[in-house]
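Working notes, structure below.
Predicted model only: the values in this text are computed from it and were never measured.
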Amino acid sequence: MNLESPTISVSKSPEDVFNFLADIKNFKSLMPENISKFEVLDEDKFLFALKGMPEIILKKKEVIPPNKIVLGAAGGKLDFSLIANITEVNATTSEVKLDFTGDFNPMMAMMIKGPISKFIETLATSIPKSI
């Protein structure tokens, strides 16, 4: 399953956006209002839960400054990645798009597609307000 957020324009350089997203504690400010738990486990890993959903642990898997950060599921039964792609528009403006990729059975994919799409859209649209 592959899902994409809208491409969001941010009035910051790619380096600023990258540095913000590379610091995982900043993800707390991007989370939707229905978050029930957020906990930084170490400098590369955090746990979060949305109301009515199981806890999810995300870990930094790949970092390519200043254009890409890959967060992946750390443990649990679900294997997925959340990829932040940062593109320079000019020295003071960037575009960010979040991609979600996961390997799910068709029933699971059908159940989570809507909530995950809304989740990554909320994360992406929160970036300009949070930096």
Side-chain angles (χ1 to χ4, degrees):
M1 180 167 75
N2 296 314
L3 302 171
E4 297 179 356
S5 76
T7 300
I8 304 297
S9 181
V10 184
S11 300
K12 297 281 185 183
S13 71
E15 290 79 11
D16 288 346
V17 175
F18 177 86
N19 291 335
F20 178 82
L21 294 175
D23 186 347
I24 58 155
K25 71 177 176 288
N26 290 330
F27 275 84
K28 183 172 188 173
S29 65
L30 305 178
M31 291 288 162
E33 289 179 9
N34 66 337
I35 187 165
S36 60
K37 185 174 189 176
F38 186 93
E39 187 179 322
V40 174
L41 302 175
D42 65 34
E43 65 183 32
D44 288 337
K45 197 172 7 176
F46 67 94
L47 174 151
F48 72 96
L50 303 175
K51 289 186 177 99
M53 300 283 282
E55 291 182 352
I56 295 171
I57 298 174
L58 284 177
K59 178 178 177 54
K60 254 194 273 184
K61 302 270 184 165
E62 184 181 3
V63 179
I64 304 170
N67 302 109
K68 186 176 183 181
I69 297 174
V70 179
L71 300 173
K77 299 179 183 92
L78 304 176
D79 184 26
F80 65 88
S81 295
L82 180 64
I83 303 144
N85 293 295
I86 305 159
T87 308
E88 181 175 355
V89 175
N90 59 45
T92 59
T93 308
S94 328
E95 289 183 337
V96 181
K97 184 166 73 78
L98 300 178
D99 295 323
F100 176 92
T101 61
D103 190 17
F104 306 108
N105 68 46
M107 184 69 177
M108 176 70 85
M110 189 176 74
M111 287 172 39
I112 66 172
K113 184 176 183 180
I116 296 291
S117 294
K118 187 172 177 166
F119 176 69
I120 63 171
E121 182 177 339
T122 300
L123 290 180
T125 56
S126 297
I127 292 170
K129 297 177 254 178
S130 298
I131 292 184

Note to self: Taking transitive links into account, so neighbours of neighbours count too, which hydrophobic residues share a cluster with Ile64 at under 4.5 Å side-chain distance?
What the structure shows: none
Note to self: How long is the straight-line distance from CE of Met111 back to CG of Asn105, given to the nearest 0.5 Å?
What the structure shows: 9.0 Å
Notebook entry, point to check: Distance from Met1 atom CE to Ser117 atom OG, nearest 0.5 Å?
Noted result: 7.0 Å
Checklist line | Evaluation steps, side-chain contact (heavy atoms from CB on, under 4.5 Å), between Leu41 and Ile57 | finding: CA-CA 9 Å; Leu41 302 175; Ile57 298 174; 3.9 Å; yes
Next item on the list: Without swapping roles, check the side chain of Asn67 against the backbone of Ile86 for a donor-acceptor pair under 3.5 Å.
Entry: yes
Margin query: I'd like to know whether CD of Glu62 has more than 12 heavy-atom contacts from other residues, nucleotides or ligands below 6.0 angstrom.
Written below: yes
Note to self: When you measure from the side chain of Ser5 to the backbone of Leu98, do you find a donor-acceptor pair of N or O atoms at a distance under 3.5 Å?
What the structure shows: yes
Note to self: Would you say Val63 ends up clustered with Leu21 if hydrophobic residues are merged whenever their side chains have heavy atoms under 4.5 Å apart, either directly or through other cluster members?
What the structure shows: yes
Notebook entry, point to check: Does Leu50 have any side chain to side chain contact (heavy atoms under 4.5 Å, CB included) partners at least two apart in sequence or in another chain, and if so, which?
Noted result: Pro32, Asn34, Ile35, Phe48, Met53, Phe119
Item checked: Greater than 12 external heavy atoms within 6.0 Å of Asp23's CG -> yes
Checklist line | Test item: Ser94 side-chain N/O and Lys12 main-chain N/O as donor-acceptor pair under 3.5 Å | finding: yes
Notebook entry, point to check: How long is the gap from CG on Leu82 to CG on Leu71, to the nearest 0.5 Å?
Noted result: 5.5 Å
Next item on the list: Enter the distance from Met108:CE to Lys113:NZ here, rounded to the nearest 0.5 Å.
Entry: 15.5 Å
Next item on the list: Would you confirm whether Thr93, through its side chain, and Val89, through its main-chain N or O, come within 3.5 Å as a donor-acceptor pair?
Entry: no
Checklist line | Side chain proximity check, Lys37 to Glu55, heavy atoms < 4.5 angstrom | finding: yes
Margin query: For Asn26, is there any backbone N or O sitting under 3.5 Å from a side-chain donor or acceptor partner on Ser29?
Written below: yes
Margin query: Under a 3.5 Å distance rule, please check whether Lys60 uses its side chain to pair with a backbone N or O of Ala22 as donor and acceptor.
Written below: yes
Checklist line | Pairs flagged by salt bridge (charged side-chain N to carboxylate O under 4.0 Å, His left out) wherever residues 86-99 is involved - sequence neighbours left out | finding: Glu4-Lys97, Lys97-Asp99
Notebook entry, point to check: How many angstroms lie between OG in Ser81 and CD1 in Ile69, if you round to the nearest 0.5 Å?
Noted result: 13.5 Å
Notebook entry, point to check: To the nearest 0.5 Å, what is the distance between CD1 (Ile112) and CZ (Phe104)?
Noted result: 3.5 Å
